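Worksheet for the structure shown next.
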Amino acid sequence: MISEKMKNIMQSGSAIRAMFEEGKKLAEIYGKENVFDFSLGNPSVPAPKAVNEAISSVTANTDELRLHGYMLNSGFESTRQAIADSLNKKYGAGFGYKNIIMTVGAAGGLNVALKSIVNEGDEVIVFAPYFGEYNNYISNVGGKIIVIPPAPPHFLPDLDAMEKAIGKKTKAVIINSPNNPTGVVYGENTLEKLGNILKKQSIKKGEAIYLISDEPYRELVYDGAKAPFLTKYYSNVIIGYSYSKSLSLPGERIGYLAIPDEAEDSENLLSACSVATRILGFVNAPSLQQLVIEKCVDTATDVSVYDENRRLLYGALTELGFECIKPQGAFYLFVKSPIAEEEFIAAAKRHNILVVGGKSFACEGYVRIAYCVSYDMIKKSLSAFKKLAEETLSKK
Ligand code: PLP
């Protein structure tokens, strides 16, 4: 018999994955070219050429025992140093290799970070709408998720509500900017205010409240937006990064955690993360990918492709009358459902449009449209969106 906890998780399922499966079924019936699957955040831009060149070069030129062997749980020192150097250059971060722990993507990194700091019953604050997997990551370590309600239409974090929610059991706050699902990028003022509240509340608590920053979309920004680097605003930060989106490598499972020396108990925290990587069963991040990242640390994906998709889809949907904040980052539109969310998703599906409900992000009444798809598919989908608008907007 499977565990009660797993039974519950399986029952609640992942709406994103379910919609993805649905898309495959519809494609068999109607043909792939007639199904507009906007459900999954799977990058549509191929990994940059430099990544494949690095794979060839690393496999050809690295000692096989080093390439395929066990290593330090926190990863190759040379890779970690290359990442530290890059962050120092870009953000004046002051990292050494010791501040970086290689992880199995952002998901692996978040689980490692939470495992390292959360005691049974500790509270972790998140801001709706949020990536639904946080529920699992927090419950994996016996933590309790505290959800701050969404703040539409701007969808910036409600920091006053956060401050009120902080109590004796608060261990960490998770933020995600650029945000999945809204595309909102938190600016300097927001981060400064956030940092100040956490400083004040940590002093009051007599112990650090860690800020976990989930940043897989850090480089995916538009219109000159910038995602500010957090160490400037708060020292008790654990930065989780991933190459899944920025280098289009989600299947390769590679990312890192960065923890500054200034974080409370930094040395122990870094050691704990290294041990957590082992005891969670990852042991270490994939070795080949670490060496590839070392060579591609400053390689960038072609953001202009996502930007064109964003402009086309945002422009068309708002023109049709849908309400949606203009995303400054990531590759999602978070559209207000003109009718009940479930009904809207069903209506969209009748036009072969697949989207994910806001409920999956603890923000009912919206749908997420992942525009990391081909430009042609978006163009083709517009007549279906027009019919959907005619059918649903009149019922508002
Ligand atoms: N965090 C957010 C906000 C995400 O959107 C995702 C993936 O979509 C992840 C974490 C997990 O990323 P990874 O593939 O690096 O584990």
Side-chain angles (χ1 to χ4, degrees), residues 14-20 37-45 47 51 75 83 100-115 124-138 140 145 147 150 155 157 172-186 211-221 227 230 238-258 276-277 280-282 285-286 289-290 292-293 301 306 327-334 355-356 358 360-363 368-373:
S14 160
I16 302 177
R17 289 276 159 182
M19 204 45 100
F20 181 61
D37 187 351
F38 294 99
S39 61
L40 206 59
N42 209 4
S44 54
V45 175
V51 169
I83 292 169
I100 310 291
I101 309 269
M102 300 309 294
T103 63
V104 177
L110 289 168
N111 278 283
V112 163
L114 291 165
K115 183 81 180 168
V124 179
I125 295 177
V126 302
F127 297 93
Y130 64 89
F131 182 53
E133 293 296 301
Y134 295 164
N135 290 308
N136 296 322
Y137 303 164
I138 293 167
N140 281 347
I145 191 164
V147 180
F155 286 112
V173 174
I174 302 181
I175 57 168
N176 163 228
S177 166
N179 184 265
N180 171 13
T182 62
V184 168
V185 178
Y186 301 174
L211 179 60
I212 301 177
S213 182
D214 181 22
E215 305 184 2
Y217 303 95
R218 190 195 297 144
E219 278 83 20
L220 271 55
V221 282
L230 270 171
I238 304 177
I239 291 164
Y241 186 78
S242 163
Y243 295 93
S244 293
K245 319 286 174 171
S246 64
L247 287 183
S248 301
L249 296 173
E252 302 295 353
R253 314 305 306 136
I254 187 75
Y256 63 81
L257 290 175
T277 302
L280 287 173
F282 303 123
Q289 293 308 322
Q290 291 192 43
V292 168
I293 292 305
T301 196
Y306 298 129
Q328 283 184 296
F331 38 46
Y332 309 102
L333 289 185
F334 203 51
V355 294
V356 178
S360 304
F361 305 91
C363 186
R368 186 192 77 171
I369 303 180
Y371 58 82
C372 44
V373 295

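Numbering starts at 1 and runs along the sequence shown. Counting starts at 1 for both ligands and their atoms, in listed order. Note that this is a predicted model, so its numbers are computed, not measured.
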Sub-4.0 Å heavy-atom contact, Pro216 with ligand 1:
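Per 4.0 Å heavy-atom rule, Pro216 contacts ligand 1.
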I'd like to know if Tyr243 contacts ligand 1, where contact means a heavy-atom distance under 4.0 Å to any ligand atom.
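Under 4.0 Å: no for Tyr243.
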Considering only protein heavy atoms, which is closest to [atom], and at what distance to one decimal place?
atom: atom 4 (C) of ligand 1; result: Tyr217 OH, 3.7 Å
atom: atom 6 (C) of ligand 1; result: Phe131 CZ, 3.5 Å
atom: atom 15 (O) of ligand 1; result: Ser242 OG, 2.6 Å

If you take the nearest heavy atom of each of Pro43, Ala106, Gly132, Gly105, which one is closest to atom 11 (C) of ligand 1?
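Residue with the shortest heavy-atom distance to the ligand atom: Ala106.
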Do Tyr306 and Thr301 get their side chains close enough for a donor-acceptor pair, meaning under 3.5 Å?
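Absent: no donor and acceptor within the cut-off.
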Would you say [X] and ligand 1 have an N/O pair spaced under 3.5 Å apart?
X: Leu110; value: no
X: Tyr332; value: no
X: Lys245; value: yes
X: Arg253; value: yes

Closer than 4.0 Å to some heavy atom of [X] - which atoms of ligand 1 meet that?
X: Asp214; answer: 1 (N), 2 (C), 3 (C), 10 (C)
X: Asn176; answer: 3 (C)
X: Ser244; answer: 13 (P), 14 (O), 15 (O)

Can you confirm whether Ile293 sits close enough to Tyr256 that some side-chain heavy atom of one is under 4.5 Å from a side-chain heavy atom of the other?
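Heavy-atom side-chain distance check fails, nothing below 4.5 Å.
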Give the ring-plane orientation class for Tyr134 versus Tyr137, where under 30° counts as parallel, over 60° as perpendicular and anything between as tilted.
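Rings of Tyr134 and Tyr137: tilted, 30 to 60°.
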Among Asn135, Thr182, Asp214, find the one that has a side chain to side chain contact (heavy atoms under 4.5 Å, CB included) with Tyr130.
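Among the candidates, only Asn135 passes.
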Among Ile145, Val173, Ile174, which residue meets the side chain to side chain contact (heavy atoms under 4.5 Å, CB included) test with Val124?
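The option that passes is Ile174.
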Run Leu110 and Glu133 through side chain to side chain contact (heavy atoms under 4.5 Å, CB included) and show every step you take.
CA-CA 10 Å; Leu110 289 168; Glu133 293 296 301; over 6 Å; no
Partner residues of Thr277 under the side-chain hydrogen bond (donor to acceptor under 3.5 Å, both in side chains) criterion, sequence neighbours left out
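Residues passing side-chain hydrogen bond (donor to acceptor under 3.5 Å, both in side chains) with Thr277: none at all.
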Excluding sequence neighbours, so at least two apart, what forms ring pair (Phe, Tyr, Trp, His ring centres under 6.0 Å) with Phe334?
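Per chain and number, Phe334 pairs via ring pair (Phe, Tyr, Trp, His ring centres under 6.0 Å) with Phe155, Tyr366.
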Would Tyr217 and Tyr332 count as a close aromatic pair, with their ring centres under 6.0 Å?
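Yes, the ring of Tyr217 comes within the 6.0 Å limit of the ring of Tyr332, centre to centre.
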